[in-house]
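Have a look at the structure below before the remarks.
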Amino acid sequence: MTQTAVTPSTTTTSTTLSGLRSLYLIRVAFSLVWVALVTATSASLVSTDKPTVAAAVLLVVYPLWDAIATLVERRMAGTTGSSDRVGTVNMALGLAAAAGMIIAVFSTIGTALLVFGIWALLSGAVQLVVAIRRRRTVGAQWPMLISGGLSVLAGANFAAMSSSATSSLSTLAGYSAFGAFWFLVSAIALSIRRENR
């Protein structure tokens with residue numbers, strides 16, 4: 001039986017793939033729980049008035065969780081230099097969106113939808129940059145490219161919908177569900193790549 005020598009770089013890459021896969025699965029679980037909570041409270045998410053307390057908590061937690069997940073992802077991927085700056089920008093966007101959402105939830109649902117839309121657009125653009133840069137070192141980034149592109153489009157759509165009198169925060173559940181799907185696809189793609197190494 002032939003043994004393949006495992007070099008430090010192979011071990012590091014394998015550890016990175018495994019860590020990212022686990023993080024993506026955690027993100028899937030978080031998104032699905034978030035979708036379930038949004039769906040359960042959907043009656044309180046459709047109004048021109050201020051969001052309810054439940055809606056406010058859900059809206060603040062989502063970008064805050066994204067900032068935390070980005071921090072964990074940066075540590076797992078061991079990013080440095082310009083990639084590290086992109087991760088820092090994404091974390092800052094998540095924290096700014098959470099802070100903006102704290103202010104927006106005291107306004108109207110349309111304002112909250114606008115803040116969420118701007119964040120989704122910008123974080124999607126950052127995700128595209130990270131996925132493009134990570135293609136060479138980690139590979140299996142095509143699901144993240146698709147997800148980032150869809151986030152940009154969804155964010156622009158949410159921002160456009162925010163001025164409508166019938167704007168609804170329940171539409172954000174679809175955004176999170178699609179995010180969960182693409183993180184699941186990414187986890188599977190990383191598993192396949194790890195097995196083929």
Side-chain angles (χ1 to χ4, degrees), residues 4 6-40 58-59 61-80 82-95 97-98 116 119-155 158 171-197:
T4 306
V6 178
T7 63
S9 61
T10 304
T11 304
T12 302
T13 303
S14 180
T15 303
T16 299
L17 291 173
S18 179
L20 287 174
R21 183 192 62 200
S22 297
L23 178 62
Y24 290 169
L25 290 173
I26 291 168
R27 292 188 76 149
V28 168
F30 175 88
S31 292
L32 292 178
V33 168
W34 195 84
V35 167
L37 291 172
V38 168
T39 303
L58 289 170
L59 290 169
V61 164
Y62 198 88
L64 188 59
W65 159 249
D66 190 71
I68 293 166
T70 300
L71 174 64
V72 173
E73 186 172 338
R74 283 174 60 196
R75 291 187 177 187
M76 285 181 179
T79 53
T80 56
S82 58
S83 293
D84 194 43
R85 285 192 294 275
V86 172
T88 301
V89 167
N90 198 35
M91 281 183 8
L93 282 173
L95 294 173
F116 195 98
W119 169 71
L121 189 152
L122 294 175
S123 66
V126 170
Q127 185 178 358
L128 282 170
V129 172
V130 170
I132 289 167
R133 291 182 176 180
R134 200 178 279 166
R135 273 182 320 167
R136 293 187 181 117
T137 57
V138 177
Q141 292 298 296
W142 62 269
M144 287 295 97
L145 288 168
I146 294 170
S147 177
L150 290 175
S151 184
V152 168
L153 295 175
F158 295 148
T171 58
L172 301 179
Y175 171 82
S176 186
F178 270 111
F181 171 77
W182 286 111
F183 275 115
L184 179 60
V185 172
S186 293
I188 293 167
L190 288 173
S191 294
I192 292 168
R193 180 160 176 86
R194 187 169 181 244
E195 292 299 318
N196 291 336
R197 282 192 161 269

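Worth knowing before you read on, the calculation uses all heavy atoms, side chains too, and leaves out hydrogens, waters and symmetry mates. Here the structure is a predicted model, which means the values were calculated and not measured.
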Any side-chain heavy atom of Leu172 within less than 4.5 Å of one from Val38?
no
Closest heavy-atom contact between Leu128 and Gly148?
CG-C, 3.9 Å
Can you list the residues that meet the side-chain contact (heavy atoms from CB on, under 4.5 Å) rule with Ala125, with sequence neighbours excluded?
Val152
Check whether the side chains of Asn90 and Ser123 place a donor and an acceptor atom closer than 3.5 Å, and report yes or no.
no
Rounded to the nearest 0.5 Å, what separates atom CE in Met91 from atom OG1 in Thr70?
7.5 Å
Sequence-distant partners of Val35, side-chain contact (heavy atoms from CB on, under 4.5 Å), two or more places apart
Thr39, Ala173, Ser176, Ala177
Ignoring hydrogens, what is the shortest heavy-atom contact between Trp119 and Leu93? Give both atom names and the distance.
CD1-O, 3.5 Å
Residues two or more places apart in sequence or in another chain: which of them pass ring pair (Phe, Tyr, Trp, His ring centres under 6.0 Å) with Trp182?
none
Distance-only donor-acceptor hits, side chain of residues 25-33, under 3.5 Å, sequence neighbours excluded:
unit_1	atom_1	unit_2	atom_2	d
Arg27	NH2	Asp66	OD1	2.2
Ser31	OG	Arg27	O	3.1

In chain order, what residues pass the side-chain hydrogen bond (donor to acceptor under 3.5 Å, both in side chains) check against Ser151, with sequence neighbours excluded?
Tyr175
Any donor-acceptor pair under 3.5 Å linking the side chain of Trp34 with the backbone of Leu58?
yes
With sequence neighbours left out, the residues meeting side-chain hydrogen bond (donor to acceptor under 3.5 Å, both in side chains) with Ser147 are Gln127
If I take atom CD1 from residue Ile146 and atom CZ from residue Phe178, how far apart are they, to the nearest 0.5 angstrom?
12.0 Å
For Ile132, the side-chain contact (heavy atoms from CB on, under 4.5 Å) test, sequence neighbours excluded, returns Arg135, Leu145
Test ring pair (Phe, Tyr, Trp, His ring centres under 6.0 Å) applied to Tyr24 - qualifying residues, sequence neighbours left out
Phe183
